Amino acid sequence: MPKAVFAPVLGDGSNQLDLDPEVFGAPFNGPLVHEVVVAELTARRRGTHATRTRGMVRGGGAKPWRQKGTGRARAGTSRSPLWTGGGTVFGPSPRHYTVKVNRKARKAALRSALSIHAERGSISALDAAKFDAPSTKTAAGLLDDRKGSVLVVVGPEQDVAFKSFRNLERVTVLPVEAAGVADIVGAAHLVVTQDALTALTERAKGAIKRAAKTTSLEESS
């Protein structure tokens, strides 16, 4: 049976939040996490880089000189890739860098990323209800003893907490739907609100729930 996993609540040293051991107690799979992180980072590339081929460069319609009798090399256009101002051969063109990763692999990598924070004790819970109005000073006080980068994940309709943390140095604030494995693994500390924690747990357990459902269907048949 998986051991119990807890996360301290910021601003309340005696209070702890229970974490799902299936999600936050999973073994760390380094190669799988690396695969998903690379896929996420490459998918964020805009891929708008481009160069002009000789057909896109203006000019060069007339043959520079006659074919024979000049003593110079034959040339058909002044926009040849060999000439200054000519087109580019085999240059980059707009493309996307999306790499397909299976859904089960993404969820397993998310469980690994969350589990490593739980194992290191670098995950904390945040009570977003404490922020009646945006307060960077209050947010800074909650993170005062944390060194290194901090990722704060907030749930939907928690804009007040979002605004409170967003101007702090070395702090990245993301809505739960935008937080990926690369963001979670790359942060030294993870701070999650209750709503965001529930959403992350459900996202990470999706594959487990489907696998359990499939097994029960097979047993019943």
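Being a predicted model, the structure only gives us computed values, none of them experimental. We're numbering straight along the sequence, starting at 1. These values consider heavy atoms only, across backbone and side chains, with no hydrogens, waters or symmetry-generated copies.
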Can you tell me how far CG of L151 sits from CG of L190, rounded to the nearest 0.5 angstrom? 5.5 Å
Please check: side-chain N/O of E202 versus main-chain N/O of A199, any donor-acceptor pairing under 3.5 Å? no
Checking H189 against S122: is there a side-chain donor and acceptor pair closer than 3.5 Å? no
N/O donor-acceptor pair under 3.5 Å between S164 side chain and S135 backbone: yes
Is the shortest heavy-atom distance from the side chain of T53 to the side chain of T88 under 4.5 Å? no
In this structure, CZ of R95 is separated from CZ of R45 (nearest 0.5 Å) by 7.0 Å
Is there a side-chain contact between T51 and F90 in this structure, where contact means two heavy atoms from C-beta onward sitting under 4.5 Å apart? no
Considering only distance and modelled atom types, tabulate donor-acceptor pairs under 3.5 Å from the side chains of residues 169-187, sequence neighbours left out.
{"from": "R170", "atom 1": "NH1", "to": "G148", "atom 2": "O", "distance (Å)": "2.6"}
{"from": "D183", "atom 1": "OD1", "to": "R44", "atom 2": "NH1", "distance (Å)": "3.4"}
{"from": "D183", "atom 1": "OD1", "to": "R44", "atom 2": "NH2", "distance (Å)": "3.3"}
{"from": "D183", "atom 1": "OD2", "to": "R44", "atom 2": "NH2", "distance (Å)": "2.9"}
{"from": "D183", "atom 1": "OD2", "to": "G180", "atom 2": "N", "distance (Å)": "3.0"}

Taking atom CZ of R106 and atom NZ of K100, what is their separation to the nearest 0.5 Å? 9.0 Å
How about K163: does its NZ atom have over 12 heavy atoms from other parts shown lying under 6.0 Å from it? no
Under 4.5 Å between any side-chain heavy atoms of T77 and R54, yes or no? yes
pair V89-P81: side-chain heavy atoms closer than 4.5 Å: yes
Enclosure of H49 NE2 (heavy-atom neighbours >12, cutoff 6.0 Å): yes
Any side-chain donor paired with an acceptor under 3.5 Å for D127 and Q194? no
Going from CG on N29 to OG on S112, what distance comes out if it is rounded to the nearest 0.5 angstrom? 5.5 Å
Is atom CZ of R46 surrounded by more than 12 heavy atoms (other residues, nucleotides or ligands) closer than 6.0 Å? no
State yes or no: do W65 and L82 share one hydrophobic cluster built from I, L, V, M, F, W and Y residues joined by side-chain heavy-atom distances below 4.5 Å, directly or via other members? yes
Distance in Å, R120 CZ paired with H117 NE2, rounded so as to fall on 0.5 Å steps: 7.0 Å
Does the S115 side chain pair with the main chain of P27, one donor and one acceptor, at a distance under 3.5 Å? no
Looking only at heavy atoms, which two atoms of L10 and L142 are closest? And how far apart? CD2-O, 3.9 Å
Within one Ile-Leu-Val-Met-Phe-Trp-Tyr cluster: F28 and L110, side-chain cutoff 4.5 Å: yes
Answer yes or no: is there a side-chain heavy-atom contact under 4.5 Å between L197 and L19? yes
Count the heavy atoms of every other residue, nucleotide or ligand shown that sit under 6.0 Å from CD of Q67, and state whether that count exceeds 12. yes
Below 4.5 Å, heavy atoms only, C-beta onward: do V150 and V191 meet side chain to side chain? yes
dist L143:CG -> T138:OG1 (nearest 0.5 Å) comes out at 11.0 Å
Can you confirm if the NZ or CZ of R166 lies within 45° of the ring axis of F162 and under 6.0 Å from the centre of its six-membered ring? no
Provide the closest heavy-atom pair for D195 versus G155 in the form atom of the first, atom of the second, distance. CB-CA, 4.3 Å
Checking K205 side chain against E22 main chain: does a donor-acceptor pair fall under 3.5 Å? no
Could you check, using the six-membered ring where one of them is a Trp, whether F24 and F6 have ring centers closer than 6.0 angstrom? no
